[in-house]
2 protein chains.
Amino acid sequence: MNSRDPVSAKPSFKEQMLAAREEAIIQTVNRLLAEKGFDAMTVDEVAADVGIAKASLYKHFPSKEDLAAAAMARAMERACDFVAALPEDVAPRDKLKSVVRWTLEMQLAGQMPSLPSQNSSLRAALMGNVSYMDGLMRVSDQLGAWIESAQAQGTLNAALPPVAVLYTLFARACDPVVEFLKAGGQHSDEEIIGFVLSTCFDGLNSR
Amino acid sequence: MNSRDPVSAKPSFKEQMLAAREEAIIQTVNRLLAEKGFDAMTVDEVAADVGIAKASLYKHFPSKEDLAAAAMARAMERACDFVAALPEDVAPRDKLKSVVRWTLEMQLAGQMPSLPSQNSSLRAALMGNVSYMDGLMRVSDQLGAWIESAQAQGTLNAALPPVAVLYTLFARACDPVVEFLKAGGQHSDEEIIGFVLSTCFDGLNSR
DNA sequence: GTCTATAAATAGATAGAC
DNA sequence: GTCTATCTATTTATAGAC
């Protein structure tokens with residue numbers, strides 16, 4: 001159990017410093033992605049914000065796309081953790097609601113990164129990031145299972161294909177309505193969350 | 001009634017050619033904005049697509065932002081026309097539904113331009129474009145009136161602030177769910193429209 | 001690994017002839 | 001107004017010393 005056994009070895013001080021720096025980088029990227037988006041974010045800016053030279057940044061991540069992918073992977077990990085930590089005894093529909101609420105809270109806190117879905121080089125970097133893909137699959141599988149349960153229980157509209165429901169829930173994580181209502185300044189964060197949750201699950205129609 | 005009377009004058013051949021060229025430019029920009037978004041669209045590309053030199057493009061529009069704003073203004077005009085052409089005898093809620101359906105059809109046809117909401121220079125160009133601002137106000141006013149009517153009639157959830165409803169409807173015009181479902185290839189355009197309309201107005205919950 | 005300095009490429013915008 | 005050619009700034013990425 002030493003440095004010759006990389007699996008169980010306790011990380012050395014150097015390794016811890018390295019990990020801490022990468023963590024700082026990812027957090028900065030995460031914030032910038034949430035603030036201004038992928039295209040407007042520059043690598044110079046990231047380096048300056050972290051407080052290291054740009055060349056050092058490229059020792060950790062080989063490209064801007066990989067930088068963004070790492071941040072998305074981290075966000076997906078957090079989503080995974082949240083999903084896994086939900087109490088068992090809650091109805092599947094309410095679990096889905098909790099997840100949406102969580103994504104809305106992240107957005108309002110300026111901590112939800114989002115990427116342009118059209119960029120192909122970015123898609124390649126995302127699909128090449130095993131951590132991201134793993135998290136995405138796990139979250140999708142879990143949400144998909146809850147969706148089907150809720151539809152079987154009659155609490156979720158069974159006329160909708162589960163995948164359409166899944167996409168609709170994912171889309172709430174980058175819903176422009178949140179930022180617009182926030183920019184309006186007329187409503188508290190909790191009110192905004194209530195409105196979006198209501199339109200999402202209850203719809204616009206009167207009941 | 002000649003060239004000295006610019007208000008009522010019949011446009012000269014030269015003016016018609018100019019207008020036609022600008023129309024071609026705007027249509028190209030519209031398509032590129034729908035395909036790849038503002039950041040990925042380059043001015044070189046626009047010029048090449050239209051078939052003129054880049055410098056010529058800049059004689060018509062002073063910047064890339066103005067180019068995009070012109071395309072958005074045109075799209076807003078079309079929205080205005082559609083809204084104005086809706087039959088009077090339809091219930092307000094169904095008029096709103098028709099408008100959303102129209103935006104979904106535009107998206108599926110690859111003709112709905114969309115801009116990043118974070119870019120500030122872009123916002124300035126948009127707000128400086130009187131045609132766009134005029135169309136935006138007219139559409140917003142009309143939709144707002146229908147929203148309040150529908151809430152008064154009890155067909156739309158009156159617990160939601162009208163502005164939240166308005167934003168939710170606007171957001172459907174750039175809903176990523178549409179492109180994801182389209183990319184999935186499992187559903188027809190009409191099915192996709194049905195799903196999105198259902199989630200928007202009926203919500204995800206079972207009824 | 002971190003730094004300074006620089007390369008290499010791209011893209012928005014313009015000069016000046018016609 | 002349209003063109004070719006060019007400018008200028010920005011940005012991703014790297015070379016090479018320490």
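Per chain, numbering begins at 1; letters A, B, ... match sequence-line order. Atoms considered below: every heavy atom in the structure, side chains included; atoms not considered: hydrogens, waters and symmetry mates.
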Pairwise distance [atom1]([X]) to [atom2]([Y]) - rounded to 0.5 angstrom:
| X | Y | atom1 | atom2 | result |
| --- | --- | --- | --- | --- |
| A:L33 | A:L67 | CG | CG | 8.0 Å |
| A:M106 | A:N30 | CE | CG | 6.5 Å |
| B:E22 | B:L57 | CD | CG | 9.5 Å |

Side-chain donor-acceptor pair present, A:N157, B:D202, cut-off under 3.5 Å: no

Charged tip of A:K64 within 45° of A:Y58 ring normal and under 6.0 Å: no

Pair B:D175 + B:R172, salt bridge at N-O below 4.0 Å: yes

Nearest heavy-atom neighbours spanning A:Q118 and B:A34: NE2-O, 4.5 Å

side-chain hydrogen bond (donor to acceptor under 3.5 Å, both in side chains) contacts touching residues 97-115 of chain A (sequence neighbours left out): A:R101-A:E190

Atom pair distance, as rounded to whole Å: NZ in A:K64 and P in D:dT11: 9 Å

Nucleic acid contacts - residues 36-62 of chain B versus DNA chain C, non-hydrogen atoms under 4.0 Å: B:M41, B:T42, B:V43, B:K54, B:A55, B:Y58

Where chain A begins and ends its contact with DNA chain C, read 5' to 3' at 4.0 Å from heavy atoms: C:dT2 to C:dT4

